[in-house]
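See below for the structure under consideration.
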Amino acid sequence: MTKSIQPRQTAAFYAQAVASFAVSVSAMVIALAYLPAQPWVRAFLALGLLYVVTSTVVLCKVVRDRQEISEVTTRVDQARLDKLLTEHDPFKVDS
């Protein structure tokens, strides 16, 4: 069975993604804190920010899960094909 090449993430890429997320959320929280508006408006916008962040995390998980499922299906199909090819004898004559 052939092994597919698994993409790897570097530690620097992971750190950059975490830092980018932290900076963007921090900037939005600071902007909401200093927004010249009534407290209920700031609370509403903060709730919207929380909703966007949580839905983004869920979307990322769904996309990742769908990709993993397709990879597993491909591996199973490849294993079945490999098994059929190894069991097949083209020179076998049925008497």
Side-chain angles (χ1 to χ4, degrees):
M1 182 163 101
T2 60
K3 268 188 143 175
S4 63
I5 298 172
Q6 296 293 328
R8 300 282 182 214
Q9 288 183 2
T10 62
F13 177 75
Y14 182 77
Q16 181 182 3
V18 170
S20 174
F21 178 77
V23 167
S24 66
V25 170
S26 299
M28 284 301 300
V29 168
I30 291 170
L32 285 173
Y34 289 107
L35 182 69
Q38 296 177 357
W40 72 269
V41 173
R42 285 197 300 253
F44 179 76
L45 292 175
L47 193 61
L49 174 65
L50 182 64
Y51 180 65
V52 168
V53 169
T54 56
S55 63
T56 302
V57 170
V58 170
L59 178 63
C60 290
K61 183 183 178 331
V62 167
V63 169
R64 184 198 64 198
D65 290 348
R66 180 174 284 183
Q67 180 183 6
E68 287 177 355
I69 288 171
S70 72
E71 287 178 5
V72 168
T73 304
T74 303
R75 285 189 209 153
V76 169
D77 290 342
Q78 184 65 39
R80 287 180 183 157
L81 179 63
D82 288 346
K83 182 180 176 188
L84 284 173
L85 289 174
T86 56
E87 291 175 352
H88 176 69
D89 185 7
F91 302 109
K92 182 179 178 183
V93 177
D94 293 330
S95 314

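Along the sequence shown, residues are numbered consecutively beginning with 1.
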Extract all donor-acceptor atom pairs below 3.5 Å that involve side chains of residues 44-61 and protein atoms in other chains or at least two apart in sequence.
from: Thr54; atom 1: OG1; to: Leu50; atom 2: O; distance (Å): 3.1
from: Thr54; atom 1: OG1; to: Tyr51; atom 2: O; distance (Å): 3.1
from: Ser55; atom 1: OG; to: Tyr51; atom 2: O; distance (Å): 3.0
from: Ser55; atom 1: OG; to: Val52; atom 2: O; distance (Å): 3.0
from: Thr56; atom 1: OG1; to: Val52; atom 2: O; distance (Å): 2.7
from: Lys61; atom 1: NZ; to: Asp65; atom 2: OD2; distance (Å): 2.7

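- Side-chain atoms of Ser20 do not come within 3.5 Å of backbone N or O of Gln16 as any donor-acceptor pair.
- With a 6.0 Å radius and a threshold of 12 heavy atoms from other residues, nucleotides or ligands, Arg64 has its CZ atom above the threshold.
- Ile30 CD1 to Leu35 CG: the interatomic distance, rounded to the nearest 0.5 Å, is 13.5 Å.
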